[in-house]
Every structure is written in C-alpha cells, then in structure tokens.
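One structure below.
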Amino acid sequence: MNEYDLIVVGSGPAGRRAAIQAAKLDKKVLVIEQGRRVGGVSVHTGTIPSKTLRETALNLSGWRERGFYGRAYRVKQEISAEDLRRRLLITLDHEVEVLEHQFARNRVQHIRGKASFAAPDTLEVLKEDNETIHVRGKSILLAVGTTPFRPDSIPFDGKTVVDSDELLEIDELPRSMVVIGAGVIGIEYATIFSALDTAVTVIDPKATILDFIDREIVEDFTYQLRDRNMKLLLGQKVDKVERLDDGKVLVTVDTGRKITTDMVLYAAGRTGATDTLKLAAAGLEADSRGRLKVNPETFETAVPGIYAAGDVVGFPSLASTSMEQGRVAARVAVGAIAKEPQKYFPYGIYAVPEISTCGLTEEEMKERGIPYECGIARFRETSRGHIMGLDTGLLKLIFSLKTRRLLGVHIVGEGATELVHIGQAVLNLKGTVEYFVENTFNYPTLAEAYKIAGLDAWNRMGELPKEAPVATAQRLDTTATSADEAAAPEKKKAASK
Ligand SMILES: Cc1cc2nc3c(=O)[nH]c(=O)nc-3n(C[C@H](O)[C@H](O)[C@H](O)COP(=O)(O)OP(=O)(O)OC[C@H]3O[C@@H](n4cnc5c(N)ncnc54)[C@H](O)[C@@H]3O)c2cc1C
C-alpha cells in the first residue's frame, strides 16, 4: 500500500492550498479528487463560473455604460446561453491548467477517484475504471466541500427547474425566472439574470435579506433592485413548484400568489459532501447538514490525525477563507508552525451591484455598546464616478469614538470587492480616521471615496485631543484596551454561500 505524509480528499481551494503547502515543506502528498478535473466547486460550479458569468453578462449587456447611454443601451442585442458558456469554458480551462501546473511543479500526486475511509489512517479509492486501491496517510485532510441541497418536493429537471450547478448548463436564457432562496448565491444569480433583462422574482421565508451585512448598505442595494423591477417576495414561503405541460413552471406561494415562469432556480442551502466518506470507519460523525466539527485553530477533527477544512466545516464557506484554512491545517498536520488567519476578512457578494464588507456593522457597534461615528461617501461625489457615469455606489466607514480606529468598512457599488481591501488593511493594522484625512489618494479614483468618507466622519468627530499629537495617533490606538478591541474580532455571521 502507498503511504503519504498527507492525503487530501478534494481539490477545491482548501485541498489545493493544503496540498501545495505540505509539498513546499518537502512532504509526500496525494490529492484524491472524484471530479473529472481538479479545482472543486470553486472552479467548476461555484466561484469562478458565477463570476465569469457575471463579467460576461455585464460586458455584453453594456450594463456599466447605461449610466451614460440610458437603460436601453446594449453592446449585443440578443445574448444567448452560448455567449455566456463560451467565455466560461475558456476561463475554466485556464484555471485547471494553472492548478495542474502547480501540482506538477510542487510534485503533488493526484488521482481521480472517490475516497472513503477503510480505517482512521487508510482510505479506499474507487477509481473511474472500477479498480479499488488503498492508500495510507500519516495525516488525512478532508476538503470535500458541499453540494446543493435538493429537497424531494422540488421537481428538478436540469432545464426549467435547476440548482446552481445545473444553471451553468442551460441551453436558453429564460425570459422570466423565480429564484427560491435569498442567500448569497440566490441574490448573485438573481441580479446577474436581471442585468440580462430576465424578469426575476426572489422568494424567501425570511423578511430580510443578507442579515450579516450593514443594514444601510442592504437598504441601498434593495432599493436599486426594486428600481429595476426585480420582485422581492420576502417573508413568503413557496408551497409548491409544478412543471406545466407547456414547458413553463408554476410556483405557488403561501400567500396564495401563483407565478408562472420560464425557469426556477432553487438556491436554498448546501450540504456537506460527507455522506459517501464512510466516516464511521474513522470514528467520525457529521452533523445533520453533513458538516464536520473541527478545532478552529488547528482544523483537527475529534480523531487525531484527521483534519477538515473549507466549506465542509461550515461558516464562512468562502473560497478565500477555505484556502487559508487549508494552509493552516496542512502546516499543523505536518508539524510546522501555523499562525491563525487574520481575524478580519472581507466578504464579497458579486451581485449586480457588488457588495463588500469587512469588520463590524453599525448594528454590531450598537449591540456591543461601542460609541461610534460613521462617514459616508457616494461614488457620484468622486470625479472617477462622473467619468464612469455612476449614479449609484456608497462607501461607509465606521470609527470608534474612543480610539478613533476604523472598525468597519461597507461598500455597495462598482468595484466594491476590490476597494474593500484598502479598508481591510487599515482595519487590521489598527489605523484611525487620521489615516484617511492625512493621506493622498490617486485622483481621479473610486478609492478617493475613502478620503471623502473619512473627512465626513472626521468633521463630526473633531480634531485629535491636544495631548495626543497627530503623529501618535496610531500608538494611541494600538495601546487602547477599550471594549472595541475586546469585542472586534470574531463576527458571528450567520450567512454562508
Ligand atoms: C454559485 C457559487 C458561487 C460562489 N461564489 C463565491 C465567491 O464569489 N467568493 C468566494 O470566496 N466563494 C464563493 N463560493 C464558495 C466557494 O466556492 C467555496 O467556499 C469553495 O469552493 C469551498 O472550497 P472547498 O475546498 O471546501 O471545496 P470545494 O470547492 O467544494 O471542492 C470539494 C471537492 O472535493 C471533491 N470531493 C468530495 N467528496 C469527495 C470524495 N469522497 N472523494 C474525492 N473527492 C471528493 C469534490 O468533487 C470537489 O471537487 C461560491 C459557491 C457557489 C456554489
């Protein structure tokens, strides 16, 4: 039987980063992936395809230019599913090639097959040709990710009633679409299709959406969605989904409302892909949603030597955080020093418009009793915004009144997922409002909104107290022991992709 220092099950962001990290530390590493190609959900059905689709939709629809040329402006009049797929395939091929090259360069072995436990240190791999092999690992990392939740009551057919994986395979763009589930995936796809002129209705039993995002940002966002005629049926439950003889789908809502639509996207949750792992043979058990419990610092499960990382361990279920978890798990597994990932990480929602956020929301500031001041900038206040024809876009900064530190950055609008990193850096480096007031920003840029929002807050916060000259502002904050520092780090975001 072949033996390895680390065996990784799954080649998504967590598995890939873990494998390469262990290989860089001169360990013998094997990756087992059941999919036809490496890359995981992230490359094949999740992050990369949805973001490629978004980019294609925005480019072909001329969305970004409509501020200037009006709502009727289009780059391509008839956009087809084939237009969307073409760019997708090129992007995916490139991603897979980069990943395969990384594996080859770092001497990470990988085999195609379905892994399950034969013993706590041994995996059985069912290969494509039905051959079964056994491999043993000093450590094993489960980075198996999740699959879409598909309740029996929904008549999925892969064409008119689809989950988020199947959506990428559709032959025709629907003229109308009902999205069930207003989580991040549901909202992203709903707004992308709406930008393609599909009439979209979103239904969710909860009365509010994106509860982990600052309310002011969500209000601005939902206003924009309604302004372009998207229907948000919140606090309403779907009773029944029926496929009709004419190819349409009938959705009945608990209020009695009936909606006939071309397509239903069911995007109400995902389940950990642990059902075929034969966890019992390793002494492990998953929770009711297929997820595994780990030590949050080491990513080790209850069984020594078996680790889990990425979406299978639950919150925050992002490609970005999965990569970091995989890296930390691999370092712990092979006995290297591992530092915990930074506490403040950004959250990106690639809807149309984008939302991105890092740190505490205004609601969390209130809950924690931290005195604060907010600074707001609208993109239309920046020259870059004028050049780009932006009439929407909002950046909000939240500062502690005690320490003057930036504790939250929240953005909705063009480039939000890139812009957020400026705020993230200031936040993690314990910067204060003075950073934005005293520094020069490139002009004209959207980043200038930071300066405007900083000044907006600073005007109400007033000058630094005399006894604390400007140059000592940073020191003042790093030595502070107020409730801010104690409370700031971990944010219990209930959301996951
Ligand atoms: C539509 C959508 C959009 C998203 N957008 C974003 C985004 O914009 N930004 C972001 O950060 N995140 C996004 N995510 C989340 C992101 O894709 C996940 O957080 C990430 O893919 C999780 O990585 P992972 O390593 O845990 O596993 P995954 O990427 O889920 O990969 C797991 C792999 O394990 C393999 N596997 C499972 N069981 C076995 C087995 N028994 N044997 C062998 N192989 C097995 C699977 O085939 C799969 O390839 C999105 C997700 C979806 C669905």
Side-chain angles (χ1 to χ4, degrees), residues 7-19 30-55 95-96 99 110-117 123-128 135 140-149 162-168 179 181 183-190 192 265 267 269-279 286 290-292 294 299 308-327 329 345-351 354-356 416-417 495-497:
I7 300 177
V8 178
V9 186
S11 65
R16 147 196 199 166
R17 192 54 73 86
L30 173 70
V31 174
I32 305 167
E33 170 57 61
Q34 66 187 4
R36 198 168 56 79
R37 301 174 81 189
V38 291
V41 165
S42 177
V43 169
H44 298 288
T45 52
T47 317
I48 304 297
S50 59
K51 265 78 264 183
T52 310
L53 202 82
R54 179 182 189 277
E55 203 54 35
E95 284 278 325
V96 171
L99 180 49
H110 67 97
I111 50 172
R112 182 170 173 200
K114 196 186 213 43
S116 58
F117 279 102
L123 291 167
E124 180 179 286
V125 187
L126 175 63
K127 295 194 354 191
E128 207 187 348
V135 286
I140 292 174
L141 172 68
L142 302 173
V144 291
T146 54
T147 53
F149 174 54
V162 298
D163 64 25
S164 62
D165 289 0
E166 294 166 333
L167 185 64
L168 302 167
V179 176
V184 175
I185 293 172
I187 288 289
E188 283 186 355
Y189 276 131
I192 292 171
L265 166 64
R270 298 182 64 89
T271 317
T274 47
D275 52 336
T276 57
L277 279 176
K278 297 188 185 151
L279 291 173
R291 288 180 304 213
L292 294 169
V294 289
F299 296 95
D311 282 13
V312 73
V313 305
F315 174 81
S317 297
L318 289 170
S320 51
T321 49
S322 297
M323 287 185 222
E324 268 311 285
Q325 293 176 358
R327 191 182 65 83
F345 56 84
Y347 227 96
I349 301 176
Y350 293 81
E354 278 172 41
I355 297 179
S356 201
T417 52
S496 64
K497 283 260 174 189

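In listed order, ligands and their atoms are each counted from 1. For the single chain, residues carry numbers from 1 onward in sequence order.
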For the 3.5 Å polar cut-off, considering only N or O atoms, please tell me whether [X] and ligand 1 meet it.
{"X": "Q34", "result": "yes"}
{"X": "A319", "result": "yes"}
{"X": "T45", "result": "no"}
{"X": "V312", "result": "no"}
{"X": "I185", "result": "no"}
{"X": "G310", "result": "no"}
{"X": "E33", "result": "yes"}
{"X": "S11", "result": "no"}
{"X": "P13", "result": "yes"}
{"X": "K51", "result": "yes"}

Residue part near ligand 1, for T321, under 4.0 Å between non-hydrogen atoms = neither
ask   = Heavy-atom contacts under 4.0 Å between S50 and ligand 1: side chain, backbone, both, or neither?
value =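 For S50, the contact with ligand 1 is made by the side chain alone.
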Identify, by atom number and element, the atoms of ligand 1 in contact range of [X], meaning under 4.0 Å from any of its heavy atoms.
{"X": "Y350", "result": "8 (O)"}
{"X": "G40", "result": "29 (O), 31 (O), 48 (C), 49 (O)"}
{"X": "L277", "result": "41 (N)"}
{"X": "R270", "result": "53 (C)"}
{"X": "A14", "result": "25 (O)"}
{"X": "K114", "result": "42 (N)"}
{"X": "S322", "result": "19 (O), 22 (C), 23 (O)"}
{"X": "I32", "result": "43 (C), 44 (N)"}

ask   = If every non-hydrogen atom of L99 is compared with every non-hydrogen atom of S11, which pair is closest and at what distance?
value =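 Here L99 and S11 meet closest at CD2-O, 4.0 Å.
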task = Indicate the atoms forming the closest heavy-atom contact of A416 with S356, along with that distance.
result =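 The pair with the smallest heavy-atom distance is O-CB, 3.4 Å.
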Closer than 4.0 angstrom: is that true for some heavy atom of [X] and an atom of ligand 1?
{"X": "S320", "value": "yes"}
{"X": "G113", "value": "yes"}
{"X": "M323", "value": "no"}

Could you check which of [options] puts a non-hydrogen atom nearest to [atom]?
{"atom": "atom 42 (N) of ligand 1", "options": "A115, G326, A143, A18", "result": "A115"}
{"atom": "atom 50 (C) of ligand 1", "options": "V41, T47, T274", "result": "T47"}
{"atom": "atom 51 (C) of ligand 1", "options": "G186, A308, G46", "result": "G46"}

Under 3.5 Å, is there a donor-acceptor pair between the side chain of [X] and the main chain of [Y]?
{"X": "Q325", "Y": "G310", "result": "yes"}
{"X": "E188", "Y": "Y350", "result": "yes"}
{"X": "T47", "Y": "A319", "result": "no"}
{"X": "Y189", "Y": "A267", "result": "no"}
{"X": "R17", "Y": "E324", "result": "no"}

From CA spacing to verdict: salt bridge (charged side-chain N to carboxylate O under 4.0 Å, His left out), R54, E354 = CA-CA 11 Å; R54 179 182 189 277; E354 278 172 41; 3.5 Å; yes
Close side-chain approach of [X] and [Y], heavy atoms under 4.5 Å:
{"X": "L123", "Y": "I7", "answer": "yes"}
{"X": "R291", "Y": "V313", "answer": "no"}
{"X": "R112", "Y": "E33", "answer": "no"}
{"X": "L141", "Y": "V9", "answer": "no"}
{"X": "I355", "Y": "I187", "answer": "no"}

message = Tell me every residue that passes salt bridge (Lys or Arg N to Asp or Glu O under 4.0 Å) with E124, counting only those two or more places apart in sequence or in another chain.
response =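 Not a single residue meets the salt bridge (Lys or Arg N to Asp or Glu O under 4.0 Å) criterion with E124.
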task = Give me the one residue out of T147, T146, D311, D163 that meets side-chain hydrogen bond (donor to acceptor under 3.5 Å, both in side chains) with R270.
result =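 Testing each of T147, T146, D311, D163 against R270, the sole residue satisfying side-chain hydrogen bond (donor to acceptor under 3.5 Å, both in side chains) is T146.
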